[in-house]
Amino acid sequence: MENAQLASLLNEICTLMELAGEDSFRSGAFARAARTIETLPDSVAGKVEAGSLDSVPGLGKTLKDTVSQLVQTGTCKQLDDLREKTPPGLILMLRIPGVGPKKVRAMHLELAIDTLAKLKDACESGKVAALKGFGDKTQAKILEGLAFVELSSERVRLDQAMAVAEPLVAAVRAMKGVEHAELAGSLRRRRETVKDIDIVATVADTQKATSILEAFTKLKGVERVVGQGDTKASVVARLGEGTRALRINADLRVVSTQAFPYALNYFTGSKEHNVALRQRAQALGFKLNEYGLEGDAGNKRCSDEPALYKALGLDYVQPELRENTGEVQAAIDHKLPELVNIDQVMGVFHNHTVASDGANTLEEMADAARALGYKWLGIGDHSQSLTIANGLSPERVRDQWREIDRLNKKWHDFRILKGSEVDILADGSLDFDDNLLAGFDYVVASVHTHFNQPREEMTARIVKALENPFVTMLGHPTGRLLLRREAYAVDLEAVLQAAKKHDKWVEINANPMRLDLDWVHCRRAREIGVKLVTNPDAHAADELANTIYGVEVARRGWVRPAQLANTLDLNGVLAELETRRKKV
DNA sequence: GCCGTTTTCGGCCCGACTGTTTTCAGTCG
């Protein structure tokens, strides 16, 4: 059993214990253990076998027993019992913003509500508001939240879908008779959330398609077969275990080798891009479909996708751009941008260490950054008022600076940069005074509190923060959590204009739960001339790798290498930050 | 449930906010 899987089961126990009304410190111990295990480099299953669980902090007698059982049997008595007495609907209810385990429990015990549908009925008939501790406003909020939950459950995040899709593609690729297998659909376009997984595979002999489709339906992780025909199979694939498991639809389409470029193109979409391509083909006297590009003089043979675009008189359009938002015309006019690439990222700014709420030390983060080939690494721990995240006091900031200076003596080709993720307070002032801010190499300013301010207030607050001369960039500009929390109300256009006016960078937070700024506004920022920067917001060394998700957002936003601050090399970033400091 | 010690119970990062109350519970980060 993988550590992640084990952690997921422990988290499930925690959630179920909370719903059962058990002591929060008790349930919290399971969640803490889950987090520890998630960030542990070596296998806990291996430790169980070797009898060395004692080396894992946070595991006492009970949790060691639980972990051993989970590793050995995939479940444990406690989990089985909890699952049996907890209707799955209660877990869904937890996804409603502002609803936690206590409220769910109260509604379950008092009103026998155990599904979203019953909850909706109870809200509409006013029963929820009558409960002790509830009221009209709570009831209205729950109704609002229900709509969101119902909507969001249809999609999963890119990273979650990738975790399911990549093993499936690899497995199909390894099947006998398969020549190519590629991800298609919105996953290939790297949309931030997706509805399903599309895979296109080719076989030299289409007679073999049936056996490949058959094998696909029997792959590990496939839970249910929805449909299976001669060229296509549709299944439900599962990620994770138990009540917290994620389910997503996955389609495999098998075509002949000859049809591959057309099929891949067709199934990559978007639908709107395809329509534009077909119109283009029509205008040139062709007919484009998933099997070929037919003209009066027969089929036009294309060996790959770039050849297909060329045959249509277009420059190659990268999958990330295929949203019919001007890319076809740009491809005709040879005006598509050269997109930024993950290999061009030299460093990232916004990361946390154990000093605030991260899991790894400065040195561990630096080592991980160097392993990724980065030339510099920015550390931006939280500021003092964010006590929940163990924000740094000015004294602790200075301690960290000394430690960074000490570490930086180790390398000649790599630097840790002194940064801070400073809270933008409710009135737009910053959580550290200018005196201290002046001592950082750079400052990320972010909103973490007072999410419910009116739009004008929030906009003014952020704009005011951007006016501070010591601020280098704006962190996660909208605060959204994909499928979980809407962005706070803010006039992004005004924020981007302010960023332009004051020469501030805007972050594409690369945490796959955020992807904030989104790609749409990236394009807008690019038009305005606002420089962007992507940061993994890593709270652990292995999260530095999330930078790829930010780069993909940038690509979807038509961002060129020079427009992303991460492409600056070590001398470049030092010079840039120095120039900015001198302007203050 | 874990941990540390003031060695076997009591504390567990906790402050702000909201909506509910009339002094506080629940949620969030």
Side-chain angles (χ1 to χ4, degrees), chain A residues 10-11 13-37 53-70 76-79 82 93-110 128-145 352 354-359 381-393 396 421 423-427 431 446-454 457-458 475-476 479-481 484-486 488 509 511 513-514 537 539:
Chain A
L10 290 170
N11 275 322
I13 294 176
C14 170
T15 304
L16 294 172
M17 283 174 80
E18 285 175 338
L19 287 171
E22 291 190 37
D23 176 74
S24 65
F25 292 115
R26 198 167 278 205
S27 57
F30 286 83
R32 255 197 320 280
R35 205 174 147 71
T36 306
I37 287 169
L53 267 188
D54 282 326
S55 62
V56 183
L59 301 188
K61 189 179 177 314
T62 307
L63 264 159
K64 271 191 289 186
D65 271 4
T66 305
V67 164
S68 301
Q69 275 189 54
L70 289 173
C76 65
K77 174 107 177 38
Q78 189 181 12
L79 181 56
L82 284 165
M93 287 162 68
L94 282 176
R95 292 182 43 206
I96 300 166
V99 173
K102 301 278 169 60
K103 285 206 170 83
V104 170
R105 190 169 154 75
M107 293 188 286
H108 183 217
L109 291 180
E110 304 289 327
V128 169
L131 281 179
K132 187 169 158 36
F134 291 65
D136 287 333
K137 285 193 176 174
T138 303
Q139 182 172 271
K141 267 197 141 177
I142 291 175
L143 265 178
E144 226 172 88
H352 299 269
V354 287
S356 63
D357 57 351
D381 274 314
H382 288 289
S383 58
Q384 54 191 352
S385 79
L386 207 64
T387 49
I388 176 62
N390 196 21
L392 274 62
S393 64
R396 292 180 60 220
E421 185 184 21
D423 256 59
I424 302 175
L425 303 178
D427 64 355
D431 195 24
S446 305
V447 167
H448 292 113
T449 57
H450 301 89
F451 287 171
N452 291 325
Q453 284 178 337
E457 217 171 290
M458 180 63 85
H476 43 71
R480 75 166 177 183
L481 294 178
R484 269 177 51 200
R485 184 177 72 201
E486 298 280 13
Y488 39 70
N509 192 293
N511 183 320
M513 301 210 290
R514 294 188 182 269
D537 196 356
H539 285 71

With rounding to the nearest 0.5 angstrom, report the CD to CG distance, A:Gln384 to A:Leu392. 9.5 Å

Taking CG from A:Leu10 and P from B:dC2, how many angstroms apart are they, rounded to a whole number? 11 Å

I need the CE-P distance between A:Met93 and B:dT27, as an integer number of Å. 11 Å

B:dC28 C1' sits how many Å from A:Leu94 CG, rounded? 14 Å

Relative to the 5' end of DNA chain B, which residue comes earlier, A:Thr62 or A:Leu386, by the nucleotide with the nearest heavy atom? A:Thr62

Sticking with atom P, work out how far B:dT6 lies from B:dC12, rounded to a whole angstrom. 15 Å

Rounded C1' spacing from B:dT5 to B:dG10 in Å: 11 Å

Going by atom types alone, do A:Ser385 and A:Asp431 pair a side-chain donor with an acceptor below 3.5 Å? yes

Per A:Lys137 side chain, nearest of listed nucleotides B:dG19, B:dT27, B:dC14: B:dG19

Take atom P in B:dC14 and the same atom in B:dC9, then report the distance between them in whole Å. 24 Å

Tell me whether the OP1 or OP2 atom of B:dC17 has a side-chain N or O from A:Thr449 closer than 4.0 Å. no

How many whole angstroms separate atom CG of A:Leu82 from atom P of B:dG1? 11 Å

Between B:dA16 and B:dG11, how far apart are the two P atoms, rounded to whole Å? 22 Å

Starting at the 5' end of DNA chain B and moving along, which residue's nearest nucleotide shows up first, A:Glu22 or A:Lys132? A:Glu22

What nucleotide, of B:dG19, B:dG1, B:dT27, holds the atom closest to the side chain of A:Lys141? B:dG19

By the 4.0 Å heavy-atom rule, please label A:Lys61 as base, sugar-phosphate, or nothing. sugar-phosphate

C1' gap between B:dC28 and B:dC13, integer Å: 14 Å

Hey, are A:Asn390 and A:Asp357 close enough side-chain-wise for a donor-acceptor pair under 3.5 Å? no

Nearest to the A:Asn452 side chain among B:dT27, B:dC2, B:dT18, which nucleotide is it? B:dT18

Between A:Gln453 and A:His450, is there a side-chain heavy-atom distance shorter than 4.5 Å? yes

Sugar-phosphate, base or nothing in reach of A:Leu63, heavy atoms under 4.0 Å: sugar-phosphate

Checking side-chain polar atoms at under 3.5 Å, does A:His352 have a donor or acceptor matched by the opposite partner on A:Glu421? yes

If you check the A:Asn390 side chain, which of B:dT20, B:dG26, B:dC13 turns out closest? B:dC13

To the nearest angstrom, the CG-P distance between A:Asp65 and B:dC2 comes to 9 Å

Looking only at side-chain atoms of A:Phe25, point me to the closest of B:dA16, B:dC12, B:dG26. B:dC12

Below 30° counts as parallel, above 60° as perpendicular, anything between as tilted: where do the rings of A:Phe451 and A:Tyr488 land? tilted

Distance between the P atoms of B:dT23 and B:dT18, in whole angstroms? 22 Å

For A:Ile142 and B:dG19, what is the distance between atoms CD1 and P respectively, to the nearest whole Å? 12 Å

Looking at A:Asp381 and A:Arg396, is there a salt bridge between them, counting it only when a charged N and a carboxylate O are closer than 4.0 Å? no

Taking the side chain of A:Asp23 as its heavy atoms from C-beta onward, which of B:dG19, B:dT27, B:dG1 lies nearest to it? B:dG1

Taking NE2 from A:His450 and C1' from B:dT27, how many angstroms apart are they, rounded to a whole number? 15 Å

Which value, in whole Å, describes the distance between the P atoms of nucleotides B:dT22 and B:dC17? 23 Å

Considering only B:dG15, B:dG1, B:dG19, which nucleotide approaches the side chain of A:Arg32 most closely? B:dG1

B:dT8 -> Watson-Crick or G-U wobble partner, both distances under 3.5 Å, gives none

Atom-pair distance (NE2 on A:His448; C1' on B:dC17), nearest Å: 17 Å

